[in-house]
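In listed order, ligands and their atoms are each counted from 1.
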Amino acid sequence: MQDHDAIPYSLPAMDDAQRIERARSMRDRLKQRRTCRYFSDVSVPREVIEAAIEAAGTAPNGANHQPWHFAVVSSPEKKRAIREAAEAEERAFYAGKASEEWLDALAPLGTDADKPFLETAPWLIVVFAQRKGGIAEDGKTQNYYVNESVGIACGMLISTLHEAGLATLTHTPSPMGFLREICERPEHEKPLMVIVAGLPEAGATFPKHALDKKPLSTISSWL
Ligand code: IYR
(Lines give C-alpha, C1' and ligand atoms only; values in the text may rest on other atoms or scores of the structure.)
Protein backbone atom coordinates (compact mmCIF):
# COMPACT_ATOMS: atom_id res chain seq x y z
CA MET A 1 0.00 0.00 0.00
CA GLN A 2 1.29 3.44 -0.88
CA ASP A 3 2.08 5.87 1.89
CA HIS A 4 -1.09 7.83 2.66
CA ASP A 5 -2.79 9.50 5.62
CA ALA A 6 -4.88 6.87 7.41
CA ILE A 7 -7.03 6.53 10.52
CA PRO A 8 -7.60 3.28 12.53
CA TYR A 9 -10.90 1.56 11.66
CA SER A 10 -12.92 -0.76 13.88
CA LEU A 11 -16.57 -1.67 14.34
CA PRO A 12 -18.71 -1.96 17.49
CA ALA A 13 -18.46 -5.43 19.07
CA MET A 14 -21.20 -7.83 17.88
CA ASP A 15 -21.55 -11.61 17.92
CA ASP A 16 -22.77 -13.70 14.98
CA ALA A 17 -26.28 -14.06 16.41
CA GLN A 18 -26.57 -10.28 16.61
CA ARG A 19 -25.20 -9.89 13.08
CA ILE A 20 -27.82 -12.28 11.72
CA GLU A 21 -30.56 -10.60 13.73
CA ARG A 22 -29.57 -7.11 12.57
CA ALA A 23 -29.35 -8.17 8.91
CA ARG A 24 -32.77 -9.86 9.03
CA SER A 25 -34.35 -6.96 10.84
CA MET A 26 -33.03 -4.47 8.26
CA ARG A 27 -34.22 -6.78 5.47
CA ASP A 28 -37.68 -6.98 7.02
CA ARG A 29 -37.94 -3.20 7.27
CA LEU A 30 -36.76 -2.70 3.69
CA LYS A 31 -39.28 -5.32 2.54
CA GLN A 32 -42.04 -3.00 3.69
CA ARG A 33 -40.94 -0.30 1.25
CA ARG A 34 -43.33 0.28 -1.61
CA THR A 35 -43.13 2.59 -4.58
CA CYS A 36 -46.00 5.00 -3.98
CA ARG A 37 -47.92 6.78 -6.74
CA TYR A 38 -50.59 8.47 -4.60
CA PHE A 39 -49.24 11.23 -2.38
CA SER A 40 -51.04 13.47 0.11
CA ASP A 41 -50.17 17.15 0.38
CA VAL A 42 -49.47 16.82 4.12
CA SER A 43 -46.15 18.47 4.94
CA VAL A 44 -43.10 16.59 6.18
CA PRO A 45 -40.27 18.35 8.06
CA ARG A 46 -37.35 19.59 6.01
CA GLU A 47 -35.05 18.04 8.65
CA VAL A 48 -36.06 14.54 7.49
CA ILE A 49 -35.04 15.35 3.92
CA GLU A 50 -31.80 17.00 5.10
CA ALA A 51 -30.80 13.94 7.16
CA ALA A 52 -31.65 11.55 4.30
CA ILE A 53 -29.52 13.57 1.88
CA GLU A 54 -26.66 13.57 4.40
CA ALA A 55 -27.04 9.77 4.59
CA ALA A 56 -26.93 9.57 0.78
CA GLY A 57 -23.81 11.74 0.84
CA THR A 58 -21.95 8.99 2.73
CA ALA A 59 -22.34 6.51 -0.16
CA PRO A 60 -19.26 4.74 -1.49
CA ASN A 61 -18.23 6.49 -4.70
CA GLY A 62 -15.44 6.97 -7.23
CA ALA A 63 -12.28 8.49 -5.69
CA ASN A 64 -14.44 10.14 -3.01
CA HIS A 65 -15.35 12.85 -5.54
CA GLN A 66 -18.99 12.52 -4.38
CA PRO A 67 -20.35 13.20 -7.86
CA TRP A 68 -23.91 14.05 -6.87
CA HIS A 69 -26.17 17.01 -6.33
CA PHE A 70 -29.65 16.88 -4.82
CA ALA A 71 -31.90 19.78 -5.85
CA VAL A 72 -34.74 19.82 -3.34
CA VAL A 73 -37.92 21.31 -4.75
CA SER A 74 -40.85 22.38 -2.59
CA SER A 75 -42.06 25.65 -4.16
CA PRO A 76 -45.45 25.27 -5.87
CA GLU A 77 -44.17 27.15 -8.94
CA LYS A 78 -41.18 24.85 -9.47
CA LYS A 79 -43.25 21.73 -8.75
CA ARG A 80 -45.81 22.85 -11.32
CA ALA A 81 -43.07 23.50 -13.91
CA ILE A 82 -41.64 20.02 -13.33
CA ARG A 83 -45.07 18.43 -13.56
CA GLU A 84 -45.94 20.22 -16.80
CA ALA A 85 -42.66 19.32 -18.50
CA ALA A 86 -42.70 15.72 -17.21
CA GLU A 87 -46.30 15.15 -18.33
CA ALA A 88 -45.47 16.50 -21.80
CA GLU A 89 -42.67 13.90 -22.09
CA GLU A 90 -44.86 11.15 -20.65
CA ARG A 91 -47.71 11.89 -23.08
CA ALA A 92 -45.29 11.40 -25.98
CA PHE A 93 -43.99 8.22 -24.31
CA TYR A 94 -47.39 6.62 -23.76
CA ALA A 95 -48.78 7.83 -27.10
CA GLY A 96 -46.16 6.15 -29.27
CA LYS A 97 -42.53 6.62 -28.27
CA ALA A 98 -42.62 3.54 -26.03
CA SER A 99 -42.54 0.15 -27.75
CA GLU A 100 -45.48 -2.26 -27.38
CA GLU A 101 -43.19 -4.53 -25.36
CA TRP A 102 -42.39 -1.70 -22.93
CA LEU A 103 -46.05 -0.71 -22.54
CA ASP A 104 -46.93 -4.38 -21.93
CA ALA A 105 -44.27 -4.54 -19.20
CA LEU A 106 -45.78 -1.44 -17.54
CA ALA A 107 -49.40 -2.65 -17.72
CA PRO A 108 -49.36 -4.36 -14.25
CA LEU A 109 -48.25 -1.06 -12.68
CA GLY A 110 -51.24 0.92 -13.95
CA THR A 111 -49.12 3.98 -14.80
CA ASP A 112 -50.09 6.64 -17.31
CA ALA A 113 -49.02 10.14 -18.39
CA ASP A 114 -50.74 11.94 -15.49
CA LYS A 115 -48.32 12.78 -12.71
CA PRO A 116 -50.33 14.80 -10.14
CA PHE A 117 -47.99 13.67 -7.35
CA LEU A 118 -45.32 15.98 -8.79
CA GLU A 119 -47.44 18.83 -7.42
CA THR A 120 -49.14 17.26 -4.39
CA ALA A 121 -46.14 15.62 -2.68
CA PRO A 122 -44.33 18.04 -0.35
CA TRP A 123 -40.83 17.26 -1.62
CA LEU A 124 -39.25 16.48 -4.99
CA ILE A 125 -35.59 15.56 -4.77
CA VAL A 126 -34.07 15.96 -8.22
CA VAL A 127 -30.87 13.92 -8.38
CA PHE A 128 -28.03 15.11 -10.60
CA ALA A 129 -24.92 13.14 -11.55
CA GLN A 130 -21.83 15.30 -11.90
CA ARG A 131 -19.70 14.17 -14.83
CA LYS A 132 -16.99 16.57 -13.72
CA GLY A 133 -16.05 18.57 -10.64
CA GLY A 134 -13.95 16.52 -8.20
CA ILE A 135 -14.17 17.19 -4.48
CA ALA A 136 -13.78 20.93 -5.04
CA GLU A 137 -16.81 21.06 -7.41
CA ASP A 138 -14.65 22.97 -9.88
CA GLY A 139 -16.67 21.80 -12.88
CA LYS A 140 -13.46 20.58 -14.59
CA THR A 141 -11.85 17.66 -12.69
CA GLN A 142 -12.86 14.25 -14.09
CA ASN A 143 -15.24 12.16 -11.94
CA TYR A 144 -15.28 8.34 -11.98
CA TYR A 145 -17.97 5.65 -11.79
CA VAL A 146 -20.52 8.42 -11.73
CA ASN A 147 -23.68 6.38 -12.44
CA GLU A 148 -22.65 3.65 -10.00
CA SER A 149 -21.87 6.17 -7.26
CA VAL A 150 -25.07 8.16 -7.66
CA GLY A 151 -27.14 4.96 -7.96
CA ILE A 152 -25.82 3.73 -4.61
CA ALA A 153 -26.46 7.15 -3.05
CA CYS A 154 -30.05 7.06 -4.31
CA GLY A 155 -30.54 3.64 -2.71
CA MET A 156 -29.29 4.97 0.60
CA LEU A 157 -31.49 8.07 0.28
CA ILE A 158 -34.61 6.01 -0.42
CA SER A 159 -33.81 3.59 2.42
CA THR A 160 -33.37 6.45 4.89
CA LEU A 161 -36.62 8.11 3.81
CA HIS A 162 -38.41 4.77 4.22
CA GLU A 163 -36.87 4.29 7.67
CA ALA A 164 -38.21 7.78 8.56
CA GLY A 165 -41.74 6.71 7.62
CA LEU A 166 -41.95 8.46 4.25
CA ALA A 167 -43.29 7.09 1.01
CA THR A 168 -41.16 7.55 -2.09
CA LEU A 169 -41.40 7.21 -5.84
CA THR A 170 -38.43 7.09 -8.17
CA HIS A 171 -39.64 8.96 -11.21
CA THR A 172 -37.66 8.96 -14.44
CA PRO A 173 -39.29 11.03 -17.17
CA SER A 174 -37.44 10.56 -20.42
CA PRO A 175 -35.76 12.65 -21.73
CA MET A 176 -35.28 14.73 -18.60
CA GLY A 177 -32.98 17.53 -19.69
CA PHE A 178 -35.73 20.01 -18.66
CA LEU A 179 -34.85 19.31 -15.02
CA ARG A 180 -31.47 20.99 -15.46
CA GLU A 181 -33.07 24.27 -16.51
CA ILE A 182 -35.83 24.24 -13.90
CA CYS A 183 -33.37 23.38 -11.10
CA GLU A 184 -30.79 25.84 -12.45
CA ARG A 185 -27.97 23.29 -12.63
CA PRO A 186 -24.87 23.50 -14.86
CA GLU A 187 -24.32 21.72 -18.19
CA HIS A 188 -21.89 19.10 -16.81
CA GLU A 189 -24.59 17.74 -14.48
CA LYS A 190 -26.93 15.06 -15.81
CA PRO A 191 -30.38 14.67 -14.24
CA LEU A 192 -30.75 11.03 -13.19
CA MET A 193 -34.11 10.76 -11.45
CA VAL A 194 -36.70 12.58 -9.37
CA ILE A 195 -37.33 11.07 -5.94
CA VAL A 196 -40.81 12.08 -4.83
CA ALA A 197 -41.17 12.02 -1.02
CA GLY A 198 -44.08 12.54 1.34
CA LEU A 199 -46.95 10.59 2.87
CA PRO A 200 -49.34 8.31 1.01
CA GLU A 201 -52.81 9.82 0.52
CA ALA A 202 -55.81 8.15 2.17
CA GLY A 203 -56.86 5.21 0.01
CA ALA A 204 -53.45 4.89 -1.67
CA THR A 205 -52.79 1.50 -3.25
CA PHE A 206 -49.85 -0.27 -4.81
CA PRO A 207 -49.93 -2.89 -7.57
CA LYS A 208 -50.05 -6.55 -6.50
CA HIS A 209 -47.36 -7.10 -9.08
CA ALA A 210 -44.90 -5.34 -6.71
CA LEU A 211 -45.04 -8.27 -4.27
CA ASP A 212 -43.70 -10.67 -6.87
CA LYS A 213 -40.06 -10.65 -5.72
CA LYS A 214 -37.46 -13.07 -7.06
CA PRO A 215 -36.27 -15.48 -4.34
CA LEU A 216 -32.73 -15.66 -2.98
CA SER A 217 -32.12 -18.82 -5.01
CA THR A 218 -32.75 -16.90 -8.24
CA ILE A 219 -30.98 -13.65 -7.46
CA SER A 220 -27.85 -15.22 -6.01
CA SER A 221 -25.31 -17.90 -6.74
CA TRP A 222 -22.72 -19.09 -4.22
CA LEU A 223 -19.37 -20.16 -5.55
N1 IYR B 1 -41.48 7.07 -17.01
C2 IYR B 1 -42.82 6.57 -17.27
C3 IYR B 1 -42.85 5.12 -17.61
C4 IYR B 1 -42.34 4.16 -16.60
C5 IYR B 1 -41.29 3.34 -16.95
C6 IYR B 1 -40.85 2.38 -16.09
I7 IYR B 1 -39.39 1.11 -16.71
C8 IYR B 1 -41.45 2.21 -14.82
O9 IYR B 1 -41.00 1.23 -13.97
C10 IYR B 1 -42.53 3.02 -14.48
C11 IYR B 1 -42.97 4.00 -15.38
C12 IYR B 1 -43.76 6.92 -16.10
O13 IYR B 1 -43.31 7.46 -15.09
O14 IYR B 1 -44.97 6.69 -16.22
Using a 3.5 Å cut-off on N or O atoms only, is Glu90 in polar contact with ligand 1?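 Indeed, backbone or side chain, Glu90 has an N or O that close.
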Within-cut-off N or O pair, Lys115 and ligand 1, under 3.5 Å: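 Among all N and O atoms of Lys115, at least one is under 3.5 Å from an N or O of ligand 1.
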First locate atom CZ of Phe178, then atom CD1 of Ile82, and finally report the distance between them rounded to the nearest 0.5 Å.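 These two atoms lie 7.0 Å from each other.
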Taking atom NZ of Lys115 and atom CG of Leu169, what is their separation to the nearest 0.5 Å?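 That separation rounds to 7.5 Å.
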Enumerated ligand 1 atoms positioned under 4.0 Å from heavy atoms of [X]:
X	result
His171	13 (O)
Tyr94	2 (C), 3 (C), 12 (C), 14 (O)
Thr172	1 (N)

Pair Asn64, Gln66: side-chain N/O donor-acceptor within cut-off below 3.5 Å: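 Result is yes, a qualifying pair exists.
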For atom 7 (I) of ligand 1, closest protein heavy-atom neighbour: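 Among all protein heavy atoms, the one nearest atom 7 (I) of ligand 1 is Trp102 NE1, 3.5 Å.
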Among all protein non-hydrogen atoms, which one is nearest to atom 5 (C) of ligand 1, and what is the separation to 0.1 Å?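 Going atom by atom, the protein heavy atom closest to atom 5 (C) of ligand 1 ends up being Leu106 CD2, 3.6 Å.
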Any non-hydrogen atom of Glu89 lying under 4.0 Å from ligand 1?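 No; Glu89 lies far enough from ligand 1 that no heavy-atom distance drops under 4.0 Å.
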Judged by atom type as modelled, is there a donor-acceptor pair below 3.5 Å linking the side chain of Asp114 to the main-chain atoms of Asp112?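 No: the side chain of Asp114 does not pair with the backbone of Asp112.
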Does the Lys78 side chain pair with the main chain of Cys183, one donor and one acceptor, at a distance under 3.5 Å?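 Side chain of Lys78 to backbone of Cys183, a donor-acceptor pair under 3.5 Å: no, none is there.
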Test side-chain contact (heavy atoms from CB on, under 4.5 Å) applied to Ser149 and Trp68, step by step: CA-CA 8 Å; Ser149 302; Trp68 40 64; 4.1 Å; yes
